[in-house]
Each structure stands twice: as C-alpha cells, then as structure tokens.
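Data first, discussion second: the structure below is written as structure tokens.
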Protein chains: 2
Amino acid sequence: MPRIPAAERRAALVQAALRVVATQGVAAATTRAIVAEAGMSLASFHYAFSSRDELMHELISFVVAHEEAAVLPGPYGDASLRDIIRAGLQRYADLLRADPLREQAMLELTQQALRSEGMEPLARLQYDHYYTLAAAALTTAAEHTGTSWILPVEEVARLLVVLTDGLTVSWLVDRDDAAAASVMDFAADALAGLGRQS
Amino acid sequence: MPRIPAAERRAALVQAALRVVATQGVAAATTRAIVAEAGMSLASFHYAFSSRDELMHELISFVVAHEEAAVLPGPYGDASLRDIIRAGLQRYADLLRADPLREQAMLELTQQALRSEGMEPLARLQYDHYYTLAAAALTTAAEHTGTSWILPVEEVARLLVVLTDGLTVSWLVDRDDAAAASVMDFAADALAGLGRQS
DNA sequence: TCAGAAGTGGGACATTCGACCCACTTGTTG
DNA sequence: CAACAAGTGGGTCGAATGTCCCACTTCTGA
C-alpha cells in the first residue's frame, strides 16, 4: 500500500463508502466493508477518521454537495413549459432506471440522518439543496418560455421535489415504467398549470 | 412470566417490534430490544419465531394488513371533490404530525424489504394495499360528488399515493407545516382536475 | 544525514448480535 | 394422577462490529 496523505485517504474512503452504500445499503457499510472496497487496511480508516460516524457525516455532506443537476440541462428549443418539465422528469426517470440503487441509497442516507442524533441538519441541507436545484431549473424553464409562476418559485420547486420523491419510491417498489410515465404526465401537466404567460 | 401460547407470543412480539421500530428505527430492532419491550426472555423469541427475519416478515405483513384507512372516512356533506380530497390529505397530515416516527418507520420498513433478498414482494404488497385504499377513497369521493375520473381510478390512486409519500418525506425532513399545506392545496387542486362532472 | 513526523500493517480488544441448547416448570389429556 | 407436550429461563456459542494499540516503514526538513 503506497503512502497516501490522510486528506486523500479521507476522500478515497468517502468514495468507497458511497459505492458500498449504493450497492449493498447503509447497513452493510461497515468499516471493514468500506476499507475492503477502498483496498486499505483497517488502521488507515481510523487514521483518516476518528470514527465511523464521522465518515457517514462526511459522506452525506459529499453526496449533497455533488448531487449533480443532471436533470436540468435540457436542450430547450421552443418546447412548451409543460414539455420542458416533462422532459426533465424523463431525464430523472432515466437516471433512476439506470442506477436504481443509487437513488435508493440517497433515500437511505436521508433516513439514516433523520434517525441519527445530531445529523438531522444534514438531511435538511440535503433537501434544501434539492429545492435549490429544482428552483433553478424551474426558473430557467419559465424564462425560456416567457411564463411566470403564479406561486413563489420556491413553492413550485418543493412540489417538483415532492413529486420526484414519490415517483422514486413508488417506482423502486414495483418498477412499473408505464405507471411512472403516467405520473410524470400528470406532474408535468399540473406543474405547468402553475405558469402564466407573461 | 406467565405461560402464553406461542401464537399469542408471536402477536405480542410483533406489536413490541413495531413499537421498537417506531421509536428507535429498524436498525435498533434487535431480538434483545424486542423481547425487552415485550417483557419476555430471549428464549421465548426463538420459541415463537425461528429467526429474526421471520419476525420482520410478519411485522411488515402486519402493518400492511392493519394500515388503517384512517384517511378516508370523512364526513362528506356536500363538499366539492376538491375539498373532500383536501380534507383527506389534511387528516393524513394530522396523523403524520401526531406520530411522525410511525410514518418514518413505515418508510424504513419498505426500504428494509427492498434491500432484503426475498422480501421485495412484501414491499410491493404494502404499496398495492396503499393503492387499493386510495382507489377506494377516490371512488367514494367521486360518487358523492357526482363526478367521474377521466383516468382509470387506479392511476389517480397512484398519483395520490405518490403525492402523499413525497409529502411525508419532505415534511419529515424539515417539519414545515406551511409548506406541507401548500403541497396539499396543490395536490387537491390537481387531483380534482382529473374529475369530470358526469 | 538523521531525527521526528506522517503513514501503515496486523493483530487484539470488548461489545453486541442472532441463534441455540438444555434443564426446568407448567399445563393438558386420558 | 401419571405421562407427555408446551412453554420458559439462563447461559453460551461463533461471528461480526467499531475501536484501539504498537511496532514498523517511509517521507520531510533542518
């Protein structure tokens, strides 16, 4: 094992932990499983982190910070507001289908944070980030179509996140693509109904 | 410890497990924690159940079967479809506020089922049950207001569940009652929009 | 060059977990 | 009342977990 500065090890361990969590769930993310995934020794773990909790804390912060806005950058063209939203949802659904375990892991991390004393703020941070991303996407979409929201965009953003969350959970349970498509149609219609030509 | 037939012990252990899961999470629901909650010895556990997995299996079945339709029985009067839906959502939200840990536990149980080899069907069963409850409520609501759904009621039911799930997760994270109310207003409007006077 | 800091490895610790075993007691049945 | 099944308690097992320790190696800077 080559010598690696502690800071880099921390990063490598966080990445390894993320892989383990995604493929095997939060419960399986033991210190040993994580160091095995990272190809390190157990001692390196506690040299880089003082405890497993510290790792989990940093893991959640990491995923929150790196939550890609993979959904928003759509080629707008001259699509309607409704179609832009629908396309964005479709991109998210494609992402979900491509890597279901990843989104399942995000949900698990949120719940783990909600259950762990002192980590609730991290869950709030995570969702604040979601809301911000959603609000940015919705604002851009409205601008491109010359519409304005009849509600504060923050509220619309929350609706989008709520719908996305619900969509995720239900699809993860039964993997029903047709039902998911139906939900997305409804969501796009309903959200677009909150825009007014201006 | 009085003598209790195994069947009753099973039921008592399931109830105790539910209390532990609700108050401390799925991870804390160890055999020892459960028997302590039930006031039994560890041996009684493995006399009634052959394994912890068997208990968890029965626990999920139990909560699915007893998921009260606490949301549907509203005094309809001559309220509009929109108002009936809104009131139903409010009753659910009240339930959620009254016992957040319970709903959080339901989510955890779903995820635990999704992660556990061979328990995925239970998660599907759980959501099938939700969909059935929602469909029944929506059908009744439509009848009382002389409307009919422009989509199959099963699809509307799924939308309702999706919205409820998303609402639950977001409220659990930030406990923002005002935001939840806004979401419920939107959901009621959007769902009522799927009904046509007939 | 060489001392001290930084990083590494293997092993060990106590704790907790699910599962199990066996001797004991209590109820039931004929 | 006797025999047997049903139920109970306590102790214990092996495995896994988070954490820690200490001897060792490698790097860095004076």
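Within every chain, numbering begins at 1; the chains are lettered A, B, ... in the order of the sequence lines, protein sequences first and strands thereafter. Because the structure is a prediction, the values reported are computed rather than measured.
To the nearest 0.5 Å, atoms CD (B/Q104) and CZ (B/R102) are separated by 13.0 Å. Here A/D83 contributes atom CG and A/T145 contributes atom OG1; the two are 10.5 Å apart, rounded to the nearest 0.5 Å.
A straight line from CG of A/L13 to C1' of D/dG18 spans 15 Å, rounded to a whole angstrom. Between B/R9 atom CZ and D/dG7 atom P there is a gap of 9 Å when expressed in whole angstrom units. Atom CZ in B/F49 sits roughly 15 Å away from atom C1' in D/dG7 (whole-Å rounding). Distance A/D53 CG to D/dG18 P: 10 Å, rounded to the nearest Å. Between the C1' atom of C/dA19 and the CD1 atom of B/I34 lies a distance of 14 Å, rounded to the nearest Å. Per the geometry, CD belonging to A/E8 stands 14 Å off P belonging to D/dC27, to the nearest Å. If you take CE of A/M40 and P of C/dG10, they are 15 Å apart, rounded to a whole angstrom. Summarising the geometry, the separation between CZ on B/R10 and C1' on D/dA6 is reported as 16 Å, rounded to the nearest angstrom.
Among the nucleotides C/dG9, C/dA12, C/dG18, the one closest to any side-chain atom of B/T31 is C/dG18. The side chain of A/I4 has C/dT8 as its nearest neighbour among C/dT8, C/dA12, D/dT8. Closest to the side chain of B/R52, out of C/dG18, D/dT19, D/dG18, is C/dG18. For A/A43, the side-chain atoms get nearest to C/dG10 when compared with the rest of C/dG7, C/dC21, C/dG10. Among C/dT8, C/dG7, C/dA12, the nucleotide with an atom closest to any side-chain atom of A/L42 is C/dA12.
Residue B/Y47 has a polar side-chain atom (N or O) positioned under 4.0 Å from OP1 or OP2 of D/dG7. Taking side-chain N and O atoms only, A/H46 has no distance below 4.0 Å to OP1 or OP2 of D/dC20. For the pair A/S41 and C/dG10, the criterion of a side-chain N or O lying under 4.0 Å from OP1 or OP2 is not met.
Under 3.5 Å, the side chains of A/Y130 and A/T164 contain no donor-acceptor pair of N or O atoms.
When each of A/A27 and A/S50 is assigned the nucleotide of DNA chain D with its nearest heavy atom, A/A27 is the one assigned upstream, toward the 5' end.
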| message | B/E103 vs B/T168, test: side-chain hydrogen bond (donor to acceptor under 3.5 Å, both in side chains). Steps then yes/no. | response | CA-CA 8 Å; B/E103 291 307 316; B/T168 304; 5.4 Å; no
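At a cut-off of 3.5 angstrom, counting only N and O atoms as typed in the model, there is a donor on one side and an acceptor on the other between the side-chain of A/R32 and the base of D/dG18.
Within 6.0 Å of the CZ atom in B/R196, the count of heavy atoms belonging to other residues, nucleotides or ligands does not exceed 12.
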